[in-house]
Engineer: 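Just dropping this structure here.
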Amino acid sequence: MNDTELITVVRDSFTGVRATTPPDQIARRGRAVRARRRNPALAGVALAAGAAAAAFAVSTSAPATHPPAQPGNVQLAAWTVAKQPDGSVRVTIRELMDPAGLQAKLRAAGVPASVTTIGAQNASCRPYPASSAVKAKVFSSTISPLFPPSQQPLATTPAPTFTPIIVLLIHPAALPAGTGVQIAARFAPVASHGAENIQTGTLQRPSLVYASPACTGS
Amino acid sequence: MGSQQRDFAEFYGTAADDCLRAVLVNVGDRDRAQDLVDEAFARAFASWRTVSRHPAPAAWVVRTALNANVSWWRRRRREVPVPDIAAVAGLAAAGDTASPPVDPAIMASLLRLPARQRQVVALRIFLDLDTGCTAQTLGIAPSTVKAHLARAIASLRDDLTLELQQETPA
């Protein structure tokens with residue numbers, strides 16, 4: 001494969017990636033940017049409104065307020081819960097300071113779940129004796145290796161932290177009746193190497209539990 | 001619609017997909033890339049009189065999006081943003097029909113490249129910028145752009161050739 005062929009292969013592999021935002025929506029957002037530049041006081045108002053909206057999104061499920069095409073989707077820095085078109089739920093965890101928030105969002109996305117840090121599992125949860133075949137249908141997970149400093153910003157960041165990312169794909173439709181999922185993870189700093197802070201991320205093997213109001217919320 | 005707005009709409013129509021792909025290569029997350037590109041285009045709209053005179057407005061958008069990504073992470077966690085290789089693979093495995101996924105092998109190979117090489121690949125391959133413009137956008141020497149591109153292509157070739165060999169056992 002010569003250089004041109006390789007570049008063509010790489011470029012062609014992205015042809016399915018298309019911008020979906022309508023231009024008039026960009027223009028509206030652009031006018032807001034321009035207005036904030038002209039009147040910086042508006043920036044504070046807009047920021048406060050944005051923060052309030054984010055807090056609302058985090059603290060309540062409010063599925064009715066979400067567009068029907070993406071029920072239950074929420075994007076956060078620490079973790080992301082995203083419903084996939086096939087009904088599965090993709091959970092990306094970058095830190096777990098707020099397990100209760102992630103638990104609430106999973107439940108809102110249709111996954112009866114108990115989420116805790118490792119060692120603080122909910123005592124109300126009773127393990128469900130699922131076979132490995134059943135577990136394989138419900139979960140697929142990945143913990144990325146400790147990231148090397150693979151992405152430097154365009155300007156240097158003084159004290160980067162390298163942290164792994166846990167990705168868990170849950171298939172609620174594959175859950176046996178009357179069961180839910182139990183997730184426990186922990187992120188902890190382990191070393192400081194020069195100017196770099198290094199963390200570990202641990203995901204305890206996700207398991208099935210009997211669903212109950214005290215454990216999985218339903 | 002004013003002429004400036006028409007110009008911008010035309011620019012958006014022709015450049016949005018390429019900018020999204022260039023940013024996706026760097027951040028590794030489809031939704032985040034879309035957010036960043038939207039924000040960068042909104043800023044371009046707000047400063048269209050200036051941006052339209054830029055030698056490569058699409059490069060301005062991509063750089064703005066990548067800087068926004070860094071700023072966003074700095075504000076919240078003081079961390080370097082890292083591409084989420086597994087998330088991309090997960091998206092592909094989930095069969096995202098709304099937006100056909102990138103071949104996970106190719107995406108993973110791109111995300112394994114060092115950041116600067118990915119930036120060069122994004123500008124040279126997806127925005128089709130020449131070496132000089134890429135160097136100016138990234139603030140590096142043209143010879144450095146050439147070196148990064150050569151190394152990136154060599155790495156991609158190694159990865160993807162291996163992938164093909166694994167797919168077609170002798």
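Residue numbering restarts at 1 for every chain, and letters A, B, ... go by the order of the sequence lines.
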Engineer: Heavy atoms only: give me the nearest A:F14-B:M107 pair and the separation to one decimal.
Structural biologist: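 Closest heavy-atom pair between A:F14 and B:M107: CZ-SD, 3.6 Å.
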
Engineer: How far does CG of B:D38 sit from OG1 of A:T20, to the nearest 0.5 angstrom?
Structural biologist: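 Those atoms lie 7.0 Å apart.
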
Engineer: Nearest 0.5 angstrom please: A:D12 CG to B:I106 CD1, how far?
Structural biologist: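 That separation rounds to 9.0 Å.
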
Engineer: Heavy-atom count around B:K146 NZ within 6.0 Å, excluding the residue itself: above 12?
Structural biologist: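 No.
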
Engineer: Within the side chain of A:R11, is there an N or O that forms a donor-acceptor pair under 3.5 Å with the backbone of B:I125?
Structural biologist: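 Yes; at least one donor-acceptor contact below 3.5 Å.
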
Engineer: Report the C-alpha separation of B:D17 and A:V17 in whole Å, then their side-chain angles, then the decisive distance to 0.1 Å, and conclude whether the side-chain contact (heavy atoms from CB on, under 4.5 Å) test is met.
Structural biologist: CA-CA 7 Å; B:D17 291 346; A:V17 177; over 6 Å; no

Engineer: Just so I understand: if I count every heavy-atom pair under 4.5 Å between each of A:G87, A:A19, A:P23 and chain B, which residue has the most?
Structural biologist: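 Top count of heavy-atom pairs under 4.5 Å with chain B: A:A19.
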
Engineer: In Å and rounded to the nearest 0.5 Å, what is the CZ to CZ distance from B:F41 to A:R29?
Structural biologist: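 If we round to the nearest 0.5 Å, B:F41:CZ and A:R29:CZ are 12.0 Å apart.
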
Engineer: When rounded to the nearest 0.5 angstrom, what distance separates CZ in A:R18 from CZ in B:R21?
Structural biologist: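 Rounded to the nearest 0.5 Å, the CZ-CZ separation comes to 5.5 Å.
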
Engineer: Give the member of B:A44, B:A150, B:S47 that has the highest number of heavy-atom pairs under 4.5 Å with chain A.
Structural biologist: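 Top option by heavy-atom pairs under 4.5 Å: B:S47.
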
Engineer: Under 3.5 Å, side chain of B:R43 to main-chain N/O of A:R34, donor-acceptor pair present?
Structural biologist: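 A pair under 3.5 Å: no.
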
Engineer: Select one option (side chain, backbone, both, neither) describing which atoms of A:I26 are under 4.5 Å from chain B's heavy atoms.
Structural biologist: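 Its backbone and side chain both get close to chain B.
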
Engineer: To the nearest 0.5 Å, tell me how far A:I7 CD1 sits from B:R157 CZ.
Structural biologist: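 The CD1 atom of A:I7 sits 9.0 Å away from the CZ atom of B:R157.
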
Engineer: For the atom pair CD (A:E5) and CG (B:L160), what is the distance rounded to the nearest 0.5 Å?
Structural biologist: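 Here the interatomic distance stands at 12.5 Å.
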
Engineer: Using non-hydrogen atoms and a 4.5 Å limit, figure out which bit of B:E39 sits close to chain A: side chain, backbone, both or neither.
Structural biologist: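 The answer is both parts of B:E39.
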
